[in-house]
Amino acid sequence: MAGVTPTRVALLGGTGSIGDSTLRVMAANPDSMVLHSLSGFRRVDALIERVRQWRPARVAVADEAARTALLAAIDYQPDVVTGAAGLVELAADSEADLVVAAIMGAAGLPSTMAAARAGKRIALANKEALVMAGDLMMQAVDAHGATLLPIDSEHNAIFQSLPADYRCGQPIQGLRQLWLTCSGGPFRDQPERDLSQVTPAQACKHPNWSMGQKISVDSATLMNKGLELIEACYLFNVASTDIRVVLHPQSIIHSLVEYRDGSFISQLGRTDMRVPIANALAHPVRVDSGVEPLDLAQLSQLTFDQPDNDRFPALGLARAAVTASQRHSIWLNAVNECAVEDFLCGRLRFDQIASRVGHALECVAPAPIDSLDAVLEADDHARRWYAEL
C-alpha cells in the first residue's frame with residue numbers, strides 16, 4: 001500500500017503459536033507492518049532465530065543470562081531489556097503503534113495493562129487479561145483511550161459481525177444475544193465414553209485445531225469455552241445470560257451475533273489463527289492473511305447442537321463465576337490451571353478437573369478487586385488453596 005506508514009508492532013510473546021502466526025501475517029504484508037519490538041522468555045533459541053530474521057529495534061528477555069546469549073548470537077545491537085519490567089517498557093513504548101498481547105497466563109497481565117494505560121491499540125490474545133482482571137482492564141481502556149482488538153477466533157468473529165465503528169466495551173445497539181460456537185473437543189461424538197478413563201494423549205488430540213496441551217485439555221473439558229464466555233462479557237459489555245454456546249463441529253462459523261430484528265450475522269473462515277490475527281493487526285483495513293480461501297462449494301454440511309452440560313459442567317461453572325464476582329473468575333482460572341497440570345502429570349483424573357474447580361468456587365470469599373496487586377494476590381491465594389487440598 002504505497003504512501004501508507006507501516007504499523008510498528010510490539011509482539012509480546014513472540015515465540016509461541018500466536019507469535020508465529022503473527023509473524024507469518026506480517027511477512028505477507030511487509031509494506032504495511034514492521035516489527036518494532038519482540039519478547040520471548042522460555043524459548044531463547046527460537047527468540048534468537050526470530051531476532052536474526054526480523055531485526056527488531058527492541059527485545060525483551062527473561063534475565064541477564066538470556067540477554068548475554070542473545071547479543072552474542074546476533075550481528076547488530078538492539079536495545080535489550082529484561083524481566084517483567086522490560087515487558088512493561090515495551091508495551092508502553094511510544095514508538096510502538098500496536099501491541100500484540102500474546103503472553104499466556106498471569107505473566108502477561110502487567111504488560112497488557114501497561115499497554116492499555118498507554119492508550120495503545122492492543123491485539124489481545126491473553127485470556128487472563130479479562131478473565132482475571134476484566135473490570136480493571138476495561139476501566140483502563142476507557143480511561144486512556146486504548147483500543148482492544150480481539151484475536152481469539154470466536155471473539156474476533158463477533159467483533160467482525162458488529163458495526164464497523166464498534167469499539168470493545170461499548171453496549172451493542174439492537175443486540176438480542178451473542179452465540180459462541182464450540183467445536184466440542186475430542187469427545188463430542190462419544191457420549192458413551194467413560195471420562196474417568198481419558199488419558200492426556202486422548203484429551204490433547206483436538207479434531208480441528210493444533211494447540212498446546214493446556215488449551216487442548218481446556219477444549220476437551222469445554223473450560224476453554226467457559227473462559228471465552230467470561231472474556232466476551234467484558235469485551236462486548238453483556239451479561240452472561242446474553243451469551244449462548246452452541247456446538248459446531250466443523251468450526252467454519254466462528255461465532256454469531258443475533259439482533260432483535262431476527263438477523264444473525266456471522267464470520268466464516270478456515271481453522272487458521274492467521275485470519276483473526278490479520279483482522280486485528282490491520283483493522284479497519286483488510287489485508288492478506290496468507291490463508292487459502294474457504295471454498296463454500298466444498299462444504300458438505302454445517303451442523304449445530306447443544307453442549308452436554310451434565311457431562312461437561314465447565315460452562316456452567318464459568319457462568320456462575322463471572323456472575324458472582326471478579327474474584328470467582330480468578331479462582332476458576334487458577335484452580336483450573338492447577339488441575340489441568342495435575343491431569344497432564346497423571347495425578348488427577350480427567351473428570352476430576354471440573355469437580356476441583358466447582359469445589360473451589362464454593363470456597364471463595366467475595367472481596368473487591370481494585371488493583372493489579374489484588375488480582376495477583378487472589379490468584380496466589382487460589383493456588384495455595386489448591387496445593388493444600
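These numbers were taken from a predicted model, which means no experiment stands behind them.
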Practice task
Run the numbers on Asp152 and Lys127 for salt bridge (charged side-chain N to carboxylate O under 4.0 Å, His left out), then give the verdict.
Solution key: CA-CA 9 Å; Asp152 263 356; Lys127 289 183 183 298; 2.7 Å; yes
Practice task
Any chance you could lay out the salt bridge (charged side-chain N to carboxylate O under 4.0 Å, His left out) test for Arg270 and Asp272, step after step, and finish with the verdict?
Solution key: CA-CA 5 Å; Arg270 293 194 180 276; Asp272 192 311; over 6 Å; no
Practice task
Go through Gln139 and Asp135 one step at a time and tell me if the side-chain hydrogen bond (donor to acceptor under 3.5 Å, both in side chains) criterion holds.
Solution key: CA-CA 6 Å; Gln139 289 167 12; Asp135 289 329; 5.4 Å; no
Practice task
Could you go through the salt bridge (charged side-chain N to carboxylate O under 4.0 Å, His left out) check for Glu95 and Arg58 one step at a time?
Solution key: CA-CA 10 Å; Glu95 295 297 315; Arg58 308 194 72 187; over 6 Å; no
Practice task
Go through Glu49 and Arg52 one step at a time and tell me if the salt bridge (charged side-chain N to carboxylate O under 4.0 Å, His left out) criterion holds.
Solution key: CA-CA 5 Å; Glu49 178 185 342; Arg52 283 173 174 164; over 6 Å; no
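In the model, Ser371 has no side-chain atom that pairs as donor or acceptor with a side-chain atom of Asp373 under 3.5 Å. Between the side chains of Asp288 and Asn29, no donor-acceptor pair is found at a separation under 3.5 Å. Judged purely by distance below 3.5 Å, without hydrogens or angles, the side chains of Arg356 and Tyr386 pair a donor atom with an acceptor atom. A side-chain donor-acceptor contact under 3.5 Å links Gln160 and Asn156. Side chains of Thr147 and Arg167: a donor-acceptor N/O pair is present below 3.5 angstrom, by distance only. Inspection of the Thr323 and Ser240 side chains reveals an N or O donor paired with an N or O acceptor under 3.5 Å.
Under a hydrophobic-cluster definition in which Ile, Leu, Val, Met, Phe, Trp and Tyr are linked whenever side-chain heavy atoms come within less than 4.5 Å, directly or via other members, Leu361 and Phe312 are assigned to the same cluster. One hydrophobic cluster, built from ILVMFWY side chains closer than 4.5 Å, holds both Leu348 and Met223. Taken together through direct or relayed side-chain contacts under 4.5 Å among Ile, Leu, Val, Met, Phe, Trp and Tyr, Met132 and Val340 form part of one hydrophobic cluster. A continuous path of hydrophobic side-chain contacts links Leu389 to Leu332 [ILVMFWY only; heavy atoms under 4.5 Å]. When hydrophobic clusters are built by joining Ile, Leu, Val, Met, Phe, Trp and Tyr residues whose side-chain heavy atoms come closer than 4.5 Å, directly or via intermediates, Ile252 is not grouped with Val275.
Proximity of a side-chain donor or acceptor of Ser263 to a complementary backbone N or O of Tyr259 within less than 3.5 Å is not detected. Here the side chain of His36 pairs no donor or acceptor atom with the backbone of Ala57 at under 3.5 angstrom. Using modelled atom types, no side-chain atom of Ser21 and backbone atom of Ile18 make a donor-acceptor pair closer than 3.5 Å. Remark: the backbone N or O of Leu247 is not paired with any side-chain donor or acceptor of Gln306 at under 3.5 angstrom. A donor-acceptor contact shorter than 3.5 Å is absent between the side chain of Arg176 and the backbone of Glu258. At distances below 3.5 Å, at least one donor-acceptor pair connects side-chain atoms of Asn237 with backbone N or O atoms of Gly169. Looking at Gln202, its side chain does come within 3.5 Å of a backbone N or O of Thr199 through a donor-acceptor pair.
Using a 4.5 Å heavy-atom threshold, the side chains of Ser266 and Ser255 count as separate. At least one side-chain heavy atom of Arg286 sits less than 4.5 Å from a side-chain heavy atom of Asn279. Taking the side chain as every heavy atom from C-beta outward, Arg55 and Leu35 never approach each other to under 4.5 Å. By the 4.5 Å heavy-atom criterion applied to side chains, His359 and Ser355 are not counted as neighbours. In this structure the side chain of Thr303 reaches within 4.5 angstrom of the side chain of Gln250, judged on heavy atoms. Inter-residue side-chain proximity for Gln213 and Glu341 is flagged as unmet; no heavy-atom pair is nearer than 4.5 Å. Taking 4.5 Å as the limit, some side-chain heavy atom of Phe159 sits within range of a side-chain heavy atom of His283. A heavy-atom distance below 4.5 Å is not found between the side chains of Ser37 and Leu11.
Residues Ala69 and Ile48 come closest through the heavy atom pair O-CD1, 4.1 Å. Nearest heavy atom pair, residue Val99 against residue Ala91, reads CG2-O, 3.5 Å. Looking at every heavy atom in both residues, Ser196 comes nearest to Asp194 through OG-OD1, 2.6 Å. The two atoms that bring Ala382 and Val335 nearest to each other are O-CG2, 4.1 Å, heavy atoms only. Closest non-hydrogen pair, Lys214 versus Leu227, comes out as NZ-CD1, 4.3 Å. Summarising the geometry of Met113 relative to Ala140, their closest heavy-atom pair is SD-CB, 3.7 Å, with the distance given to 0.1 Å.
For Gln170, the CD atom sits in a packed shell: over 12 heavy atoms of surrounding residues, nucleotides or ligands are nearer than 6.0 Å. For Arg42, the CZ atom counts as loosely surrounded, since its 6.0 Å shell holds 12 or fewer non-hydrogen atoms of other residues, nucleotides or ligands.
Taking the six-membered ring where the residue is Trp, Phe304 and His248 present parallel rings, their angle staying beneath 30° rather than reaching 60°. Between Phe350 and Phe187, the angle of the ring planes goes over 60°, which puts this pair in the perpendicular group of the 30/60° scheme.
By the 6.0 Å and 45° rule, Arg349 does not stack over the aromatic ring of Phe343.
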